[in-house]
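First up is the structure itself, then whatever we jot down about it.
Just so it is clear: chains get the letters A, B, ... in the order the sequence lines come, proteins before strands, and each one is counted from 1. All values reported here derive from a predicted model rather than from experimental measurement.
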2 protein chains.
Amino acid sequence: MKDEKIRINLKAVRQKAGLSLAQTAELTGVSKAMLHQIERGDSSPTIATLWKLAKGFHLPLTAFIEDLVQTTDTFAPAEKEPTRFRESLTFRTVFPFDPLFGSETFLHTLEPGQSHASDPHDTGVVEDVFVVAGTIEVLHDGEWKACQQGDGIRFRADQPHGYRNPGSNPAQFHNTMHYPKTNLYQASKGKNE
Amino acid sequence: MKDEKIRINLKAVRQKAGLSLAQTAELTGVSKAMLHQIERGDSSPTIATLWKLAKGFHLPLTAFIEDLVQTTDTFAPAEKEPTRFRESLTFRTVFPFDPLFGSETFLHTLEPGQSHASDPHDTGVVEDVFVVAGTIEVLHDGEWKACQQGDGIRFRADQPHGYRNPGSNPAQFHNTMHYPKTNLYQASKGKNE
DNA sequence: AAGGCTTGTCTGTTATAACAGACGATTGTA
DNA sequence: TACAATCGTCTGTTATAACAGACAAGCCTT
């Protein structure tokens, strides 16, 4: 059964923390016997107990099950689009729009001092921004939010938003646009199907 | 309790797929009564049950567990505590799974010499990899493909694949999984043995 | 050795997750 | 109106997750 991985993860986390079953029971509020059964794979814990474990170890719930989620494998390389310029920023298409997923990803580059304002998109469109290098500020809900390298921010794009680079070094950020299923249907009604 | 997320996500996923409780029971192997109790929050499902749901819907376990940001704004700061995954790589969730888009995004970190292999996932699942820093090699069709900083690769994830860092510096890469919505429907017909 | 204190394991008991099936309410069709 | 086929809800029953506590084996002190 796939549940093995849960057992392994729990044991690994516990041993990594250098805790005994009793200590773990004290820490998480899950009985010692239950911990033992989970590690042995004799019982499949409920999410409630999983949550106790996560909280006790100060780990995200996914820490115990994330490996179950790992995808894998084959690939068809994506073509690299040439860099294009708009008025105020440079961008490159990393992953082109795919109607199956309803998303597209760009890599934007902002020189120091540059800013770019984007008009509101259709309702339901969501934007993911992840700062690859440098520091940028993202405008949404009427205020500028500072985002450093490694920060990720998701927001509704059906309102005015924009980006600017307040620093002294070039900044790069990922930009993924999600177009909800409902929008796709309305947009492509009578075309695809 | 935090278990609400499970209930909400399950109901959202089910309704998104346009399935009734009976159809979902048929699809996932979880009884109709139990589905109802889970959605109502009257019972805390077992991971075994959660796994049935995930397999039935061809979705990751995180689809039911991660915060359901029904397209609300999220901010994932870079300083967020990374989740350690075994001995082979470190990652953190940048954008959690959202049933509206059917995708989730992680940020993986590979130390020099580290490698990670993944098991095949459901057909139709597509993975986007974008190298943020350093150099990695991606295993595909039995051969390792070198990917430098700024390279983006999209590939189908229904075959074994893996990542490794052959360089002498740490490497970071984005990892977005797309779970096609069509799977939800196709799975309901003819999937049962 | 003896004692005290751990470790992980194994009981018996309780709480509840999971099941099969019945039930009224609703919808569509003849 | 009557009938059939759904829907989600609500029973009673079974399976098992979760608990408290006992147990032997190992590890230090003295």
Worksheet item: Can a donor-acceptor pair be found between the side chains of A/His174 and A/Asp128 at a distance below 3.5 Å?
Response: no
Discussion item. Distance alone, cut at 3.5 Å: any donor-acceptor contact between the side chains of A/Gln148 and A/Thr135?
Written reply: no
Worksheet item: Are A/Gln159 and A/His140 close enough that a side-chain donor and a side-chain acceptor fall under 3.5 Å?
Response: no
Discussion item. Does the protein touch nucleotides 8-17 of chain C at the base, only the backbone, or not at all? Give it as B, S and - per nucleotide, heavy atoms under 4.0 Å.
Written reply: BBB------S
Worksheet item: How many Å lie between CG on B/Leu10 and C1' on D/dG8, as a whole number?
Response: 14 Å
Fill in: Residue pair A/Phe173, A/Phe130: steps toward the ring-ring contact (aromatic ring centres under 6.0 Å, His included) verdict
CA-CA 5 Å; A/Phe173 62 97; A/Phe130 176 83; over 10 Å; no
Worksheet item: Listed by chain and number, what are the side chain to side chain contact (heavy atoms under 4.5 Å, CB included) partners of A/Lys52, not counting sequence neighbours?
Response: A/Val30
